[in-house]
> 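I have a structure here, written as structure tokens, and I will follow up with some questions on it.
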Amino acid sequence: MIEWTGSNAIWIAMALPLLAVFWVFLFGNVPNLREAGSIVVSIVLFCVNVSLSKLVFRGGRPEFSFGEMLPGFELNFVVEPLGMVFALVASGLWVLTTIYAIGYMRGHHESNQTRFFACFAAAIFAAMAAAFAGNLFTLFIAYEIMTVSTYPLVTHHGDAKAKAGGRMYLGILLSTSIAFFMFAIVWTWQLAGTTDFREGGILSQAFEENRISSVLLAVLLGLFAYGIGKAALMPIHRWLPAAMVAPTPVSALLHAVAVVKVGVFSVLKVAVYIFGIDLLADTGASEWLCYVAGATILLGSLVAMTKDNLKARLAYSTVSQLAYITLGAALATPASVVGGGMHIAMHAVGKITLFFCAGAIYVGAHKTDISDMRGLGRAMPFTFGAFLLAAISIIGLPPGGGSWSKWFLAVGTVDRGMYFLTATLMVSSLLNIAYLVPIPVRAFLTPAGQEPMKINEAPLMCVVPLCITAVGSVLLFFFANEIYSVLEPIVGVQPDPS
Amino acid sequence: MIDIYSQLPILLIAIPLFAAPVCVLLGGRWLTYLLSVVVCGTTFAISIGLMQQVIKYGPIHYEIGNWKPPYGIEYVVDGLSGFVMMFVSALAAIVLLYGKPSIDAEIPRSKHYLFYASYLLCMTGLLGMCITGDLFNVFVFLEISSLSSYALISLGRTRRAPLAALQYLILGTIGATFFLIGIGLLYQMTGTLNMSDIANRLDTETGPRTLLVAFGFMTVGLFVKMAVFPLHSWLPNAYTYAPSVVTAFVAATATKVSVYAFIRLVFGIFKPEFAFEQMPLGTLLLTLSLVGIFIASTAAIFQDDVKRLLAYSSIAQIGYMLLGIGMATTDSLTAGIVHMFNHALIKGGLFMVVGCFVLRLGSSRLSDWRGAAKTMPLTSLAWAIGGLGLIGVPMTAGFVSKWLLLTSAFESNHQLVAGMMLVSSLLAVVYVWRVVETLYFSEQPSAAAKEASEAPVWMLVPMYAVIFAVLVFGVWTQFSAGLAAEAAQSLLPLDLVPTAPTVSPGGTP
Amino acid sequence: MSTEQFLGLYNYWIVIFLMMTGFYIVIARNNLVKTIIGLNIFQISVILLYVSMGKISGGTAPIVPPSMVSHGHADVPHVAHADNHADARPHDLHSDETKDLAHDHQDDHDNEHDSHAAQESRGTAEDHKETDSPDALVNHPVSDSDHHAADSAHDEQLTYSNPLPSVLMLTAIVVGIATTALALALIVRIREDYGTIEEDEILEMDRAA
Amino acid sequence: MISFPIIRVVSKLLIPYILLFALYVQFHGDFGPGGGFQAGVIFASAIVLYAMVFGLPAAYEVAPPKVIEKLVAVGLLLYAGTGFASLFLPRPNQDVPVTGNFLEYEVFQHNLLPGILPTGQHLGIFLVELGVGITVTAVMIIIFYAFAGRERVA
């Protein structure tokens, strides 16, 4: 038997989604068996991650290595708290999304469901690999696998619009990662002689030895920030709205959780473990990134307000929210980094709820435009109720989980003395209210249009997951302290041994 | 009894050479096909045996007719030549195994036995170029492979095929003659034709000007055969109008073997110090290959014929190999050699996919491929995977060589080259993905694609063997990168000292 | 470069002239047959280059003289057979002695270059010396005093031209013939398909198609 | 051609001598200048002359294209076969029996009819030259046929 150790758990966690891929292909013609397998695997994966997290949060750093893939470059996996949180969020939400996707896909009679579920599992595999990646090289490989495996999901419908969206998606993500990310990794490797993620960063020595100036450090950071196109920093955010042509479960899991979070997660990891927050703070190399992130926060929110299509609005909202996390990395203070890490979880749970709701509205009422949703709240109370809860969390109002992460980010801006950015955060929150809250409010309070109300809630398999996530986003408010304490070690604070 | 192991080097050449006239004698279609497949398989097995011996005991020397080396012809198998011969013979065997339906469809039946004879001769020529340790012999084998490939290309279905073959013939002959002039000048200076003997006798440091002339002639001659930009003009037509099987075989092997000959020339005969310090080979290669990569990749984007698209892509990919040679460090040379191997796999696989589509859809024009993924899912998937390899996405073979090239560029302080290389590889995304989109996401399938059926199983299996190899060698790099590293190590044990003072990593000023 | 030197290199001038002529024809002619003729001239120039390289003025064909054969060789020596497989090249000088001769010749030709160049101070040997090629092919059959068989056979009439370039060129000629035949065959097919062998007309037709 | 009796008569007279000369060059190639290559061309020229004077159909009867095509292969096989044969024969004068390398003619030494049959190196060269001669003859004729008989064959 395989002994239950941390390092075994790592490869098991990565093997499970792959198993799901094969399972789905194997039983592609037997929908029930195919989907039952997906659910079982996702639940098992979550349990594995939970048990692994206990070890990690106590201060363990399990490792697993596939050995050198290329001379000097190992396929190496190390679990640290940030990655663990990300893995927990992704795998936990995968369970719900799978259930939701079954309801959605069946309710919609989508074609090519086998390809859909297989690619879905492959994307989760990539997310796990990215979360556990022990060095930049491994992270890069996981990142690219995710790009390629999600492309068929984006172009799922196969029409001209999907094709254009897919082209934008693949074009931006692949080209930025090849042109910038890869370049930055090799540059880092040349400077530091390694690409391992280490506490305190690996570039400080090169800087002390004058092999790189602070200006070039800023350039390198830029290569990373824009190379990781999944972080959707303006002006390379266009792929994210374009990817909204995908079926809603895809948008929900991938473009609220897995794909985009891999992006910001990578940015955080690079800032913390490659540059080291001390180096960033001392050299000011990340200062420009703070402003770019701030601009993205504001512009994303502003654009979101102009969108009438619900998914497009949520997409721009995501662009804006992702920039919060990038900002957390760029501010490079302990509070901001931890806040950024928390926001990964908070935003993931909140945003997936919103997308679930969008999908449920589409399945139940066949509506995609916000202006058509008047009075729908009475027909779909659970859906819009959940929407409201999640919106509160995203905006950052208590009792939503998002309030904590935004608080720590704001603390970070004050620590760095960037009051201008503090103001930006506040303005952005106001904008969030402006573009999110009216949707449920209008749905509940305005009377329905002239058409007769024959609309019911979406199928149970759609509604249950979104209620769970909505409740989750509120619960996170109360468990914020736990998340904070498990994330603290990434900025050098040792965990409480008790 | 005959000691078969000691005779392996000559058997590698003699068996296919012997089989070619036998094909002519036999005539017919099935018998010659079976014979050719068996011979190619045997050749592959022999090359594996040779490689094993090389790994175990070091380079093998074989004296033809038992004449001692500087006078007799010597065959030498070392890490590099063994490696190249192995993948050349492997691809020759697989392409032939795959190609029967395609050959039946594209080549007149009365010419089949001649086709197989030419195919075997072409393979003999390519293998001979690798194995021989004698410079004039290289020329002879070069011409054997060239002549037979001209004949193979002219077998294409359209009337443009003979013209394409003729264009190739004219340029190829000029290239080969240039090479011959170089050989003559070297012989004049040293009085010997044995490569290692020439290397020993050639005084590259204070040598006469004739040396420069010889080097120039041979380099340009091989540039033509490698289709280095701007001497590539023969390649697109030749690849486009040749029968699909021929294209798959020639594209996968011929230019690679020329690159091999070039590596031998630069590192084995002329010393790298001469080539890169006295002659501006490094700058020349870097410039030509970068310009070539950009221009050829851009040209590939605008092609409507998939064969032509891949042909331009080949010109660009040759550029990557030359980048590896041009940076002239052990690591970059390793990357160049690995890319030879990887690209042979990828391009061979992709052209095999094209062959399947041409068989079923009757055309290699992109507009006829619309929506073919519905009716030919497996073939289309093979294209997608091969295409990812060509782009260099992680877990495919293309990534390995690109990564190695990138790291070696950084190591030798060619950051600009590294950046341009990455940007240029984005162009590959465009031309590969155009085809993927056409296959998978076309709303209006073409008439041919609607009625097409999946390619026959015995084309699919060998094709997937190659495509699968693209994935395997993207993960398991010990084999390809390991052998290449050893070969590079033996060719260029020490990096050349960079002439311009640069900040060396790790050193404090 | 003095006039004398210039004329002394006459073989190279001829080669260069032919080469450029051939090259020009290949590039400038539209007619495919003429292109092939140009290609042939181009190849011929290289053949001349090789042959003139190996030729010694006054040298004979490298046939092993009877005086050497009588040194206990039962075999009748055969000479300079030519065939289209390059393998046979070094075997031309058949007996062991001759092999050794060739060997010694190569080992020592550096030292002896001067004396022999003086002796044969015409043609290529001189040319090579005066251009900066030190190891020009000096073709002297026998030179070293320590060679047992050579002593008796050492006389002027044994000066022979290096057979190797000629043999190499025989191979090159075969290749040239094969190329030309193939090219002409292709042209015949092109003519049948297009009705013309003018390249620009063919390209015009292709573009129209 | 019928109207040129002189040409017909002269060629008829000449062709045997051309063939004879070809054979001389072929088999005396071992002793003096000559060899299979030159001989093959001379031999082929006789056939070509015959074809030019008496017409292609007559030449096809003398040298049928099918046969000639196979002869190309036969000549090559003779050459390559000599090489292979040397792989299987033992080297002379060795303590431990070792077989020869490819095209190692020394292994062809034998004691049959010494002085009349060639042996050793001589035999090897003889066979290889013969193969070359056959191939060159056949190739030259086939090239001629290919061009001269284009319309009729096609």
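Letters go in sequence order (proteins before strands), and every chain restarts at 1.
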> Which region of I183(B), side chain (C-beta onward) or backbone (N, CA, C, O), has a non-hydrogen atom less than 4.5 Å from a non-hydrogen atom of chain C, or is it both or neither?
both

> Could you check whether any side-chain N or O of R159(B) sits under 3.5 Å from a backbone N or O of R189(C), counting only pairs where one atom can act as donor and the other as acceptor?
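Looks like no, no N/O pair under 3.5 Å.
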
> Please find the pair of heavy atoms, one from L147(B) and one from L182(C), that lie closest to each other, and give the distance.
O-CD2, 3.6 Å

> Taking C-beta and beyond as the side chain, do V140(B) and V175(C) meet within less than 4.5 Å on heavy atoms?
no

> First locate atom CD1 of I181(B), then atom CD of Q43(C), and finally report the distance between them rounded to the nearest 0.5 Å.
10.5 Å

> Would one find more than 12 heavy atoms of other residues, nucleotides or ligands at under 6.0 Å from atom NZ of K34(C)?
no

> Is Q167(B) close to chain C through its backbone or its side chain, or both, or neither, when contacts mean heavy atoms under 4.5 Å?
side chain

> Evaluate the side-chain proximity of Y187(B) to L164(C): yes if any heavy-atom separation is below 4.5 Å, no if none is.
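L164(C) vs Y187(B): side chains touch.
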
> Set out, in order, the CA-CA distance, both residues' side-chain angles and the distance that settles side chain to side chain contact (heavy atoms under 4.5 Å, CB included) for L163(B) and D206(C), then state yes or no.
CA-CA 11 Å; L163(B) 190 64; D206(C) 273 346; 4.0 Å; yes

> Would you confirm whether Y50(C), through its side chain, and L180(B), through its main-chain N or O, come within 3.5 Å as a donor-acceptor pair?
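Answer holds: yes.
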
> Report, in residue-number order, which members of residues 168-178 of chain B are under 4.5 Å from chain C by heavy-atom distance.
L169(B), I170(B), T173(B), I174(B), T177(B), F178(B)

> Would you say E204(C) has more than 12 foreign heavy atoms packed within less than 6.0 Å of its CD?
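Not more than 12 within 6.0 Å, no.
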
> How many angstroms lie between OG1 in T179(C) and OH in Y150(B), if you round to the nearest 0.5 Å?
6.5 Å

> With a 4.5 angstrom heavy-atom cut-off, could you sort out which part of L186(C) is near chain B: side chain, backbone, both or neither?
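The answer is both parts of L186(C).
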
> With a 4.5 angstrom heavy-atom cut-off, could you sort out which part of T35(C) is near chain B: side chain, backbone, both or neither?
side chain

> Is the shortest heavy-atom distance from the side chain of T171(C) to the side chain of F136(B) under 4.5 Å?
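Yes, side chains in contact.
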
> Do you know the tightest heavy-atom contact between I190(C) and P162(B)?
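Minimum heavy-atom separation between I190(C) and P162(B): CG1-CB, 3.8 Å.
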
> Is there a side-chain contact between T158(B) and D193(C), using heavy atoms and a 4.5 Å cut-off?
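SC-SC contact between T158(B) and D193(C) ruled out.
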
